[in-house]
Amino acid sequence: MRVDFRRFNDAVVAEPQDERLDVSSAAGFKGQMVDAINNGSLRLVLNLSKVQFIDSSGLTAIISTIKTLGPEGKLVVCGLNHHTRNLFKLTRLDRIIGVFNGEEEALKSL
Amino acid sequence: MEGILLSEGFTDLILCDGPGQAMEALGIGGGFSGGHRAPDLILLDVEMPAVNGIELCRIIKGSPAHRDIPVIMVTSLSQMEVLAQAFEAGAMDYITKPPRDVELLARVRSALALQQETEKRKAHETELLKLTQRLARAHQELVDKQQRLDEDLRSAAGIQKSLLPKGLPAGVAIPFAWEFQPSQFIGGDILNMVELQPGLLGLYIVDVAGHGVPAALVSVSVFQALLPSSGLIIQDGLPVPPVDVLGALDREYPLERFEKAFTMVYATLDMASGKLTFANAGHPRPLLFRADGSLEELDVASAPVGAGGLLPFSQDERVLSPGDRLLLFTDGVVEQPSPSGGGMFGLERLIEALASTRGLELGPWLAKAKERVLDFGGLSEPPDDITLVAIEFAN
């Protein structure tokens, strides 16, 4: 799994490049997110525009990222499709992570 | 000859008078008595008493310890006709008598050079052979390891299967059915129904994220934690409310412990009143097929177990009437992919399949639904465990 990182002032946009965030790509995704956080990126936008499908392993990786961020950090997501939006709803993650349509909107919220 | 060789620095010479002495010096037909290492080159006169040079050459070439020593025959012009026999016996070259020093030295040097080359090549070949053997060994080790891994996976899959309920759990007097289809990798789905106290049932379905032995091991651990004797679902003889069961598991299984989270639904059912109490940790919503034909998605949800209290858990209640069916299922059901790339099986198809076969008994009803899911996936094995559990309320 390749994750592209782009910096905007003190915020960072992370954009996974694979269509699936699942059992085969979750570990790679999480590793890169944790590295970014350890390198000081504490305000993150997770742009999931390219991700069509997230399974429970992918979801675990996202939760793990939030826990790594801790109370000083902030993570918001954007670019959800029907399936991924439903998953965030089902797991109530949409209540603890801000969900936005576009990247610009998500960046503004940080 | 001795003089010519000595003058050119070939000082380590053994001179043998006749075949008997030569064989003794070489240690053929007895111990190696000469006290010398095997010679680099043998110069052999064709004409010798008792055993002639060609026969001795044949004997030398027939001895495994000596066959690689180059032999040069020394012969007079009149014996040219026997050279064919000499080459046949294994000689590599010949010198005519009386030997001229230039010729003798040239032949001896080229024989020694050739011998050196041969030895080098042999050393290379030995090295190559060793490498090949090492590769073969390494390959065999990998094959063995893979075999052990496959066996481990098979036993892990066997353990996962052994956790499935066998028949109707003790104290359960209502129709209860389940279908389980393991994935191509071993997954982490488990389910169970237990009697918490007379007239009160506990029912759960768990899906540990990921595949393989780690997921299966976590399943086993969770299964044990959810046994009535473990003190998690029954405390001091009293049933623990579903919301607190999820909370206790969330504390017991933080994500950091096994790097695994799991989704689950836990529900209790009061057989006298029909009261169903349920809590959901990140799991697909249970479906309630009412006897009157209506359908309800039981929408109470939270983050998966392992998120570490990221979200508080909550629970909700419904009252079941006789004939109402409660269905729990894992995401492997709705996320079963179509081989032609036509998306996933999806919730709509699942509901349609179940609603249209509502007249079937509980067991066949689930079996039919599983069949539809597997048919949708075509011939390939499902990528995730497919698990369906249902009860039908009756009092």
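Order of the sequence lines fixes the chain letters, A, B, ..., with proteins taken first and strands second; residue numbering starts at 1 for each chain.
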State, to 0.1 Å, how close [X] and [Y] come at their nearest heavy-atom pair, and which atoms those are.
X: B:P304; Y: A:I63; value: CD-CD1, 3.5 Å
X: B:P284; Y: A:L90; value: CA-CD2, 3.8 Å
X: B:D299; Y: A:R92; value: OD1-NH2, 3.4 Å

Inset, instruction - Could you look at B:V300 and say if it's the side chain, the backbone, both or neither that has a heavy atom under 4.5 Å from chain A? - result: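 B:V300 touches chain A through backbone heavy atoms alone.
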
Just wondering, are more than 12 heavy atoms of other shown residues or ligands nearer than 6.0 Å to [atom1] in [X]?
X: A:N38; atom1: CG; answer: yes
X: A:K67; atom1: NZ; answer: yes
X: A:Q17; atom1: CD; answer: yes
X: A:E104; atom1: CD; answer: no

Legend entry - Audit row: A:T91, B:S302, side chain to side chain contact (heavy atoms under 4.5 Å, CB included) steps and yes/no: CA-CA 5 Å; A:T91 56; B:S302 182; over 6 Å; no

Inset, instruction - Using a cut-off of under 4.5 Å on heavy-atom pairs, state which of A:Q52, A:R95, A:H83 scores highest against chain B. - result: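 Greatest number of close heavy-atom pairs with chain B: A:H83.
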
Inset, instruction - Could you check which of A:T60, A:I66, A:L93, A:D22 has the highest count of heavy-atom pairs closer than 4.5 Å to chain B? - result: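 Ranked by heavy-atom pairs under 4.5 Å with chain B, first place is A:T60.
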
Inset, instruction - With a 4.5 Å cut-off on heavy-atom pairs, point out which of B:G282, B:A301, B:A209, B:A303 contacts chain A the most. - result: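 It is B:A301.
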
Atom [atom1] in [X], atom [atom2] in [Y]: separation rounded to 0.5 Å?
X: B:E335; Y: A:I54; atom1: CD; atom2: CD1; result: 10.5 Å
X: B:E259; Y: A:S57; atom1: CD; atom2: OG; result: 11.0 Å
X: B:D331; Y: A:S56; atom1: CG; atom2: OG; result: 5.0 Å

Legend entry - Side chain / backbone / both / neither for A:L59 at chain B, heavy atoms under 4.5 Å: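 For A:L59, the contact with chain B is made by the side chain alone.
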
Inset, instruction - Measure distances from A:N86 to the heavy atoms of chain B and classify the residue's part below 4.5 Å as side chain, backbone, both or neither. - result: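 Contact with chain B: side chain only.
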
Inset, instruction - Would you indicate whether the side-chain heavy atoms of A:D55 and B:D384 approach each other to under 4.5 Å? - result: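 Answer no - side chains too far apart.
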
